Every structure is written in structure tokens, then in C-alpha cells.
Amino acid sequence: MSSARTDTERHLRALELPVVAAAEALVGCTMTHGATSGVIVEAEAYHEHEPACHAFAGLTDRTWPLFAAPGIAYVYRSYGIHALLNVVVEPEDVGAAVLIRALEPLTGEDLMRARRGRDRATELCSGPGKLTQALGIELDLNATSLLDGPIRLGPPPPERPLPRVVAGGRIGITRAVELPWRFCAAGSRHVSRPWPAGLLAS
DNA sequence: CATGGGATTGACT
DNA sequence: GTCAATCCCATGC
């Protein structure tokens, strides 16, 4: 695929892929809620067969959206404080999702600044808890469709080259840390953390 | 039913 | 670098 051409179906194709490929393919796509939107610059894959995934515990009151059809949001409370946004993928009855970890702000930056109480563009959406705050996403949007809204997953912005993607270990987990299931837009200043030296080119 | 910990962030030393 | 905030859920007694 040419990196100089965007693709209006990329987000839809990503929803049909296995979760690791989906996480990589979603980098460069857009996420929109109301007037705010951004380009995904960091995402991580989670799958029920590995212990860092909530779905590892099986089907529960908390995890059921992970086992639902691809294209819905899994939004959960982290550390009692933050709402974290995932894109559910893989067929129904398979628990898998892509955690959206960082966005490059595209529209509604001033509203993001007001919600976040921060000015610099790189402080608005550079973390999974930050971007939900910037976009106004809370737990009431759990299990809603990412194709019909209110939150919308969309294709990469037209006329923008797709980013090169680098892979590395996932952040903030204690189990299955060896899996290189974190994907970042190479060179982006909007990621949650700079990638370590060991990151592999994709 | 009590408890421990977490896919985080921001403030502070 | 350290640490508290804060709450839902899974686990174990």
C-alpha cells in the first residue's frame, strides 16, 4: 500500500483484521466525538488469550462488550479516575480490542484545552486517559457503535500521508510485557511516551 | 463480605 | 525519580 495515498476504507478494513494487525492499521485513522477529533498515533492490541487483557477473565459484567461484534467501543474506568477507550475487533464471542492510547489533535483544539486545562497541543491527547478527557468520552459511551456514533471511527484525513508505524512492548502492564503489541506513528510528538531504543520498524 | 490491585495522570522531591 | 487520588472488579475467605 502506498504511504502517499490515504484510504477511505482503512478503518473498516481494520475492524475485520486480527487484533494485532488491527491495532497497527488503526494508526493514522481518525476518532471523532462532537466537535473534537484527532488522528490515532498510538494503539495497543489486547486479546483474551493473554493475561493483560480484561477478557482473559472471561465473560463478566465488565468484559462483555469485548466479546461483542467488531466496531463497538469498550470504555472502562482505570485507576478509579480515567475512562479508557478501546475499539472492539475480531468476531463475536472472541474477546479482543485495540486500546487507543494517543491522538494528534485535528479539530476542536480549544475545546480540548478547556476540558484538559492545558495549552500545549502535545498535552491534550498524549495518553489514554487524556484523550478521553479531551474528547469528552465517559463511561456512558461503553458498548456504543463506533460507526454510527456518538464516537466515530473514521478513515485517515484525506491528502495526508499515512504514517510509518513502529512497534514495541505495551505500556503500564505487568503481565505479557514481552509482546510487541504497541504501535506508534513514527516520529509523532503526540504519543504518550517516546518509544525506547528497542522498538522495531514495521 | 473484605481486600488488593490496576491498560493513569499530575504534582511534587 | 516518588507518590496519592479514587473506584470498579476479581479473587479469596
Side-chain angles (χ1 to χ4, degrees), chain A residues 14 18-24 26-27 31 36 38 40-68 70 72-90 94-105 112-143 146 151 153 165-185 188-196 199:
Chain A
V19 65
V20 178
E24 180 172 5
L26 285 174
V27 174
M31 196 66 78
T36 52
I40 298 169
V41 294
E42 180 178 349
E44 290 178 352
Y46 288 86
H47 190 278
E48 62 174 309
H49 289 154
E50 48 87 15
C53 183
H54 290 177
F56 188 71
L59 192 60
T60 69
D61 283 346
R62 177 203 214 187
T63 64
W64 70 264
L66 289 169
F67 296 87
I72 71 162
Y74 171 55
V75 185
Y76 76 97
R77 173 89 52 220
S78 175
Y79 289 90
I81 304 168
H82 308 286
L84 268 54
L85 171 66
N86 294 254
V87 178
V88 172
V89 298
E90 302 221 2
V94 178
V98 176
L99 171 69
I100 306 302
R101 286 195 54 93
L103 305 176
E104 175 183 335
M112 292 184 186
R113 288 193 173 89
R115 286 171 172 160
R116 291 271 303 127
R118 297 252 174 325
D119 281 342
R120 295 171 51 204
T122 52
E123 293 181 329
L124 297 179
C125 298
S126 54
K130 297 177 185 179
L131 71 91
T132 55
Q133 185 184 22
L135 267 60
I137 293 168
E138 253 300 337
L139 297 197
D140 58 330
L141 296 176
N142 187 33
L146 292 169
I151 312 168
L153 176 66
V165 177
V166 292
R170 294 174 294 182
I171 289 182
I173 56 171
T174 56
R175 303 197 284 181
V177 293
E178 72 284 358
L179 296 175
W181 284 8
R182 176 190 181 218
F183 298 94
C184 292
S188 174
R189 295 181 303 267
H190 299 270
V191 296
S192 65
R193 294 195 219 167
W195 41 91
L199 275 191

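Chain letters run A, B, ... following the sequence lines, proteins first and then strands; every chain starts at 1. This structure is a prediction, so every number in the text was calculated from the model and none was measured.
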Partner set under side chain to side chain donor-acceptor pair (under 3.5 Å) for [X], not counting sequence neighbours:
X        : answer
A:His82  : none
A:Glu50  : A:Arg170
A:Thr60  : A:Thr63
A:Glu123 : none

Check your understanding: Quick one, which residues of residues 124-137 of chain A touch DNA chain B with a heavy atom under 4.0 Å?
Key -> A:Gly127, A:Pro128, A:Gly129, A:Lys130
Review point. Does the side chain of A:His47 come within less than 4.5 Å of A:Val94's, by heavy atoms?
Key: yes
**Study point:** Close residues, residues 75-88 of chain A, relative to DNA chain C [heavy-atom separation under 4.0 Å]
**Key:** A:Tyr79, A:Gly80, A:Ile81
Revision key, fill the gap. What residues 46-64 of chain A contributes to the DNA chain C interface at heavy-atom separation below 4.0 Å is A:Thr60, A:Arg62
**Study point:** 5'-to-3' dot-bracket of DNA chain B (Watson-Crick, G-U; under 3.5 angstrom; crossing pairs as [ ]; | other strand)
**Key:** ||||||.|||||.
Practice item. Provide the start and end nucleotides, 5' to 3', of the part of DNA chain B that has atoms under 4.0 Å from heavy atoms of chain A. Key: B:dG6 to B:dA11
Review point. With distance as the sole test, does A:Glu42 use its side chain to make a donor-acceptor pair with the main-chain N or O of A:Val191 at under 3.5 Å?
Key: no
Point to revise | Heavy-atom contact window of chain A on DNA chain C, given 5' to 3' at under 4.0 Å | key: C:dA5 to C:dA10
**Study point:** Steps toward side-chain contact (heavy atoms from CB on, under 4.5 Å) verdict (A:Ile40, A:Leu153)
**Key:** CA-CA 10 Å; A:Ile40 298 169; A:Leu153 176 66; 4.1 Å; yes
Which is true for [X] with a 4.0 Å heavy-atom rule: it touches a base, it touches only sugar-phosphate, or it touches nothing?
X        : value
A:Arg193 : nothing
A:Leu99  : base
A:Arg116 : sugar-phosphate
A:Arg170 : nothing
A:Thr174 : sugar-phosphate

Practice item. Taking atom C1' in both C:dG1 and B:dA7, compute the distance separating them and give it to the nearest angstrom. Key: 23 Å
Non-hydrogen atoms of [X] and [Y] that approach each other most closely:
X        : Y        : answer
A:Leu146 : A:Asn86  : CD1-O, 4.2 Å
A:Ile171 : A:Ser192 : CD1-OG, 4.0 Å
A:Ala22  : A:Ala14  : CB-O, 3.3 Å
A:Leu85  : A:Ala73  : CD1-CB, 3.9 Å

Check your understanding: A:Tyr76: what forms a ring-ring contact (aromatic ring centres under 6.0 Å, His included) with it, not counting sequence neighbours?
Key -> A:His54, A:Tyr74
Give the table of side-chain donor-acceptor pairs shorter than 3.5 Å for residues 125-139 of chain A, with sequence neighbours excluded, one pair per line with atom names and distance.
unit_1: A:Ser126; atom_1: OG; unit_2: A:Thr122; atom_2: O; d: 2.7
unit_1: A:Ser126; atom_1: OG; unit_2: A:Lys130; atom_2: NZ; d: 3.4
unit_1: A:Thr132; atom_1: OG1; unit_2: A:Ala83; atom_2: O; d: 2.6
unit_1: A:Thr132; atom_1: OG1; unit_2: A:Gly129; atom_2: O; d: 3.0
unit_1: A:Gln133; atom_1: OE1; unit_2: A:Arg116; atom_2: NH1; d: 2.7
unit_1: A:Gln133; atom_1: NE2; unit_2: A:Arg115; atom_2: O; d: 3.3
unit_1: A:Glu138; atom_1: OE1; unit_2: A:Arg77; atom_2: NH2; d: 3.1
unit_1: A:Glu138; atom_1: OE2; unit_2: A:Arg77; atom_2: NH1; d: 3.3

Point to revise | Derivation and outcome, side-chain contact (heavy atoms from CB on, under 4.5 Å), residues A:Tyr46 and A:Ile173 | key: CA-CA 11 Å; A:Tyr46 288 86; A:Ile173 56 171; 3.7 Å; yes
